[in-house]
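The structure appears right after this line, and notes come after that.
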Amino acid sequence: MTLILNGVAASQAIKEQIKQTVTQEREKPHLVVVLVGDNLASEVYVKNKEKSCKEVGFMSSVKRYDSTISQEALFKELDKLNNDKDIHGIIVQLPLPNHINANEIIDHIAPHKDVDGFHPLNVGNLHRGQSSFVSATPLGILRLLEFYSIDVVSKHVVVVGRSNIVGKPIAALLLNANATVTITHSKTKNLMHHTKQADILIVAVGIKQLITEEYVKEGVVIVDVGIHRNDDGTLCGDVHPSAYALSSAYSPVPKGVGPMTIAALLLNTLQAFQERGR
Ligand code: GUN
């Protein structure tokens with residue numbers, strides 16, 4: 001029997017818990033999303049974040065700026081948000097226009113409000129095994145595995161992908177959780193040799209249906225972070241459905257990792273709120 005790692009069910013359970021916690025608070029967690037320009041995909045992400053905040057009783061605001069805003073002016077806007085004690089979490093939605101250096105903007109977010117976990121202090125703390133904000137997708141994956149009681153201790157986890165947002169932080173997070181981790185990527189020689197060793201295979205390489213049945217061993221747990229649109233408008237991941245039959249569990253696309261990402265962002269915002277003033 002293959003278990004489907006249902007991210008909708010797991011995220012609902014987490015949101016329910018958050019909602020219960022927030023109900024007992026007089027003040028409410030407040031997330032601010034900074035949106036520069038009019039990127040269509042970003043508009044969709046931001047709408048989803050606002051909707052989810054509402055569901056759990058958080059306050060949320062979107063600060064919109066014209067695509068022509070200068071980096072200096074954006075720094076000043078961030079200063080205001082950093083210093084506003086009624087704001088607990090800040091996200092600068094990526095991508096930013098080309099004339100703005102995204103890393104310099106991220107570096108300017110107060111680390112204790114950096115609920116995306118992108119600030120170098122949070123990244124560094126994660127790699128030191130210290131408490132920090134962990135970016136939403138890796139944290140969501142960990143929570144999805146926890147929800148289905150999939151133990152990672154001493155397991156061989158193979159990560160396909162080395163991005164700063166998913167591959168690198170999920171590897172660090174799982175190392176901290178006592179898994180044995182191999183990181184591979186699109187230029188890894190004989191990728192199949194590595195992926196076949198995986199007890200847990202996390203695929204975040206951004207190549208549509210790369211991982212077929214030949215890439216996995218029987219009983220593997222597959223977590224698919226990829227998202228691609230088919231010609232007929234349906235969605236699919238980095239994993240080909242032929243690999244599912246060999247697995248003991250897999251996260252589908254859609255309704256797998258995606259909903260967990262938002263739940264993790266809400267968890268980070270709640271954490272920022274609870275640790276405010278500390
Ligand atoms: N753009 C796409 N995904 C993300 C995300 O997780 N955080 C931010 N800030 N921007 C994004």
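Keep in mind that what you see is a predicted model, and the values were worked out from it rather than measured. One-based numbering, in listed order, for ligands and for the atoms of each.
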Query raised in the report: Is there a path from M260 to L173 through hydrophobic residues (I, L, V, M, F, W, Y) whose side chains come within less than 4.5 Å of each other?
Result: yes
Requested in this report: Compute whether any side-chain donor of one residue and acceptor of the other, for E77 and Y65, lie under 3.5 angstrom apart.
Outcome: yes
Report task. Would you kindly confirm whether L144 and V181 end up in one hydrophobic cluster when ILVMFWY residues are joined by side chain heavy atoms under 4.5 Å apart? Result -> yes
Query - CA sep, side-chain torsions, deciding dist, call: E146, R143, salt bridge (Lys or Arg N to Asp or Glu O under 4.0 Å) - result: CA-CA 5 Å; E146 273 171 18; R143 292 302 177 115; 3.7 Å; yes
Report summary line: Paired with F273, the ring-ring contact (aromatic ring centres under 6.0 Å, His included) test is passed by just one of H112, H30, H88, namely H88
Run through all N or O atoms in ligand 1 and write down each protein N or O closer than 3.5 Å, as a pair with its distance.
residue: ligand 1; atom: 1 (N); partner: Q93; partner atom: NE2; Å: 3.1
residue: ligand 1; atom: 1 (N); partner: L94; partner atom: O; Å: 3.0
residue: ligand 1; atom: 7 (N); partner: D116; partner atom: OD1; Å: 3.2
residue: ligand 1; atom: 7 (N); partner: D116; partner atom: OD2; Å: 3.2
residue: ligand 1; atom: 9 (N); partner: V92; partner atom: O; Å: 2.7
residue: ligand 1; atom: 9 (N); partner: D116; partner atom: OD2; Å: 2.6
residue: ligand 1; atom: 10 (N); partner: Q93; partner atom: NE2; Å: 3.4
residue: ligand 1; atom: 10 (N); partner: L94; partner atom: N; Å: 2.9

Report task. For side-chain contact (heavy atoms from CB on, under 4.5 Å), just list the numbers for V115 and I91, CA-CA rounded to whole Å, side-chain angles, deciding distance to a tenth of an Å, and then say yes or no. Result -> CA-CA 7 Å; V115 289; I91 277 185; 3.8 Å; yes
